[in-house]
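To keep things clear, I will list the structure first and then write my remarks on it.
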Amino acid sequence: MEKENTNRTVFSGAHDYFANNVLPEKVHAELRRIKNPMSYANNRDQTFFLIRSGTGTLSVNGLEYKLRPNTLINLGPFHRYRLLPSRRSELEIAEARMNSGTYMYMIANPYLKYENFSIPSQPPVVYLKGLWAQIANDSMNGLLNEAKNKAGDSIQLCFCYMMNFLGIITDHMSKDYFTPVEKKSK
C-alpha cells in the first residue's frame, strides 16, 4: 500500500513530532500600506511587523510605540492593537502571522537559554540598523515569497525565518525586559 503524499515535507527522525504537531499549517505574510489610522483589532496569532517605510505609532493595549523604518515588533496572541501613520505619511508594513501554538513552541525553544526568562505582557519593539536591519528585511522577504509560492517545504522555511525575528528581538531587547517583574523589584 502506497503512503499518501501530503506534500508536506518533514524533518527526519526525532523531529517528526515537531513537524507533525508544532509547525503551523499555514503562515500568512503580506505587505500592507496604511494611510489612515486603522480600527482596533484583536490579535489571535503570533505576529511580526517590520516597518519598511513611513513613521507612525503602534497602540497596543493602551501603550504607544513609535514606528520608523526597520522597526521590528513581536506581537503575541491576545493583544488589542491599532496602527496609526503620522500625518501625511504612509506606513508600509510587512506582516507575518502563524498560529499561537507555534508561538508557544518558539518561546519554549530549548536553544534559548536564559536563567530567568519570562514573557512580558507588552510586546518587544526593536529599532534596527545596519546588518541587523538587513537580516530582518531579508527574512521578511523570504517569508513573503514563501507565503506566496506555497512550496512543499515553505512552512519549515517560514518557521526558520520567524525564528530569525525572535532571535533578533531577543538579542536587541534589554535583558531586564525578560526578567520577571517580581525579580525586578528586589
How far does [atom1] of [X] sit from [atom2] of [Y], to the nearest 0.5 angstrom?
| X | Y | atom1 | atom2 | result |
| --- | --- | --- | --- | --- |
| Ile168 | Asn74 | CD1 | CG | 11.5 Å |
| Leu144 | His28 | CG | NE2 | 9.5 Å |
| Ile51 | Ile93 | CD1 | CD1 | 4.0 Å |

| field | All ring pair (Phe, Tyr, Trp, His ring centres under 6.0 Å) counterparts of Phe49, not counting sequence neighbours | value | Tyr81
| Results of ring pair (Phe, Tyr, Trp, His ring centres under 6.0 Å) for Tyr65 - residues two or more places apart only | none
| request: Determine yes or no for a side-chain-to-main-chain donor-acceptor pair under 3.5 angstrom, with Asn70 supplying the side chain and Tyr127 the backbone. | output: no
| message | For a 4.5 angstrom cut-off between non-hydrogen side-chain atoms, does Val60 reach Asn43? | response | no
So, for [X] and [Y], which heavy atoms are closest and what is the spacing to 0.1 Å?
| X | Y | result |
| --- | --- | --- |
| Arg52 | Leu31 | CG-CD1, 4.2 Å |
| Pro69 | Gly54 | CD-O, 3.3 Å |
| Thr57 | Glu64 | CG2-CB, 3.7 Å |

| task | Assess whether side-chain contact (heavy atoms from CB on, under 4.5 Å) is satisfied between Lys66 and Val125, documenting all intermediate values. | result | CA-CA 9 Å; Lys66 295 291 180 199; Val125 176; over 6 Å; no
Who passes side-chain hydrogen bond (donor to acceptor under 3.5 Å, both in side chains) against [X], sequence neighbours left out?
| X | answer |
| --- | --- |
| Ser139 | Asn164 |
| Asn36 | none |
| Glu90 | none |
| Arg32 | Glu95 |

| message | Among residues at least two apart in sequence or on other chains, which ones pass side-chain contact (heavy atoms from CB on, under 4.5 Å) with Ser53? | response | Glu92
| Which residues pass the side-chain contact (heavy atoms from CB on, under 4.5 Å) test with Arg82, sequence neighbours left out? | Pro37, Met38, Tyr40, Ser59, Leu84
| request: Please lay out, stage by stage, how Met140 and Phe165 fare under the test side-chain contact (heavy atoms from CB on, under 4.5 Å). | output: CA-CA 9 Å; Met140 187 58 83; Phe165 295 144; 3.8 Å; yes
| field | Residue list, salt bridge (charged side-chain N to carboxylate O under 4.0 Å, His left out) with Glu30, at least two apart or on another chain | value | none
Quick one: side chains of residues 129-136, donor-acceptor pairs under 3.5 Å with protein atoms, not counting sequence neighbours, listed by atom name and distance.
unit_1, atom_1, unit_2, atom_2, d
Gln134, NE2, Asp138, OD1, 2.7
Gln134, NE2, Asp138, OD2, 3.3

| Going through the checks in order, is the side-chain hydrogen bond (donor to acceptor under 3.5 Å, both in side chains) test met by Thr55 and Arg68? | CA-CA 5 Å; Thr55 60; Arg68 62 181 188 241; over 6 Å; no
